[in-house]
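Below, read A as the first sequence line, B as the second, and so on, with proteins coming before strands; counting in each chain starts at 1.
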Amino acid sequence: MSFNDDVYDLVRLIPYGRVTSYGAIAKYLVDNRASRRVGWALNNSFHVESEVPAHRVVNRNGMLSGAMHFPPDRPMAQLLKEEGVDVENGQVVEFNRVFWDPMTEL
DNA sequence: TTGTTGACGCTCA
DNA sequence: CTGAGCGCCAACA
């Protein structure tokens, strides 16, 4: 399954304290329409043995739409804050500043 | 096999 | 500025 692996690899490349969006990943790998598959891939990342910093991936607005799918003992917002990313009300503060775009960074 | 669902994103009213 | 709706496509019942 190369798509999932590609997603995992790319997510692992996200620098500490930075975040990116599903759409950015999808566009970099295939095209914008694949964003839904990215979400599914990350969902799978939990049952995969390789660790994937899925908390660094949010939707295009910087909202933690996937927070509810994280383990209760490992809240998405908390993980981000521990990396220095401010999260407020389920949304990344100054998303534009911490946004990491694979298209331009790679 | 068919229908529904979803960690999205874009468009239109 | 909001909210509703639609398209995509793989997984699942």
Have A:His55 and A:Gln78 got a donor and an acceptor in their side chains that come within less than 3.5 Å?
-> no
Passing option when A:Val87 is tested against A:Val93, A:Leu64, A:Val19, A:Val58 for side-chain contact (heavy atoms from CB on, under 4.5 Å) = A:Leu64
With sequence neighbours left out, what residues match A:Glu105 under side chain to side chain donor-acceptor pair (under 3.5 Å)?
-> none
Using a cut-off of 4.0 Å on non-hydrogen atoms, how would the nucleic acid contact of A:Phe46 be classed: base, sugar-phosphate, or nothing?
->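 Contact class for A:Phe46: base.
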Which part of the nucleic acid, if any, lies within reach of A:Ala26 when heavy atoms closer than 4.0 Å are counted: base, sugar-phosphate only, or nothing?
->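 Answer is nothing: A:Ala26 stays at 4.0 Å or more from every strand.
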Provide, to the nearest angstrom, the distance between the [atom1] atom belonging to [X] and the [atom2] atom belonging to [N].
X: A:Arg36; N: B:dC10; atom1: CZ; atom2: C1'; answer: 12 Å
X: A:Asn4; N: B:dA7; atom1: CG; atom2: C1'; answer: 13 Å
X: A:Asn59; N: B:dG6; atom1: CG; atom2: P; answer: 16 Å
X: A:Arg60; N: B:dC10; atom1: CZ; atom2: P; answer: 5 Å
X: A:His69; N: B:dG6; atom1: NE2; atom2: C1'; answer: 8 Å
X: A:Asn32; N: B:dG9; atom1: CG; atom2: P; answer: 8 Å
X: A:Trp40; N: B:dC8; atom1: CH2; atom2: C1'; answer: 16 Å
X: A:Leu80; N: B:dA7; atom1: CG; atom2: P; answer: 18 Å

N/O donor-acceptor pairs under 3.5 Å from side chains in residues 39-53 of chain A, not counting sequence neighbours:
residue : atom : partner : partner atom : Å
A:Asn44 : OD1  : A:His47 : NE2          : 3.2
A:Ser45 : OG   : A:Leu42 : O            : 2.4

Footprint ends on DNA chain C, 5' to 3', for atoms under 4.0 angstrom from a heavy atom of chain A, come out as C:dG7 to C:dA11
For A:Tyr22, is the NZ or CZ atom of A:Arg60 found under 6.0 angstrom from the centre of its six-membered ring and inside 45 degrees of the ring axis?
->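 No cation-pi geometry.
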Side chain of A:Thr20, backbone of A:Asp101: donor and acceptor closer than 3.5 Å?
->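 Not a single qualifying donor-acceptor pair exists.
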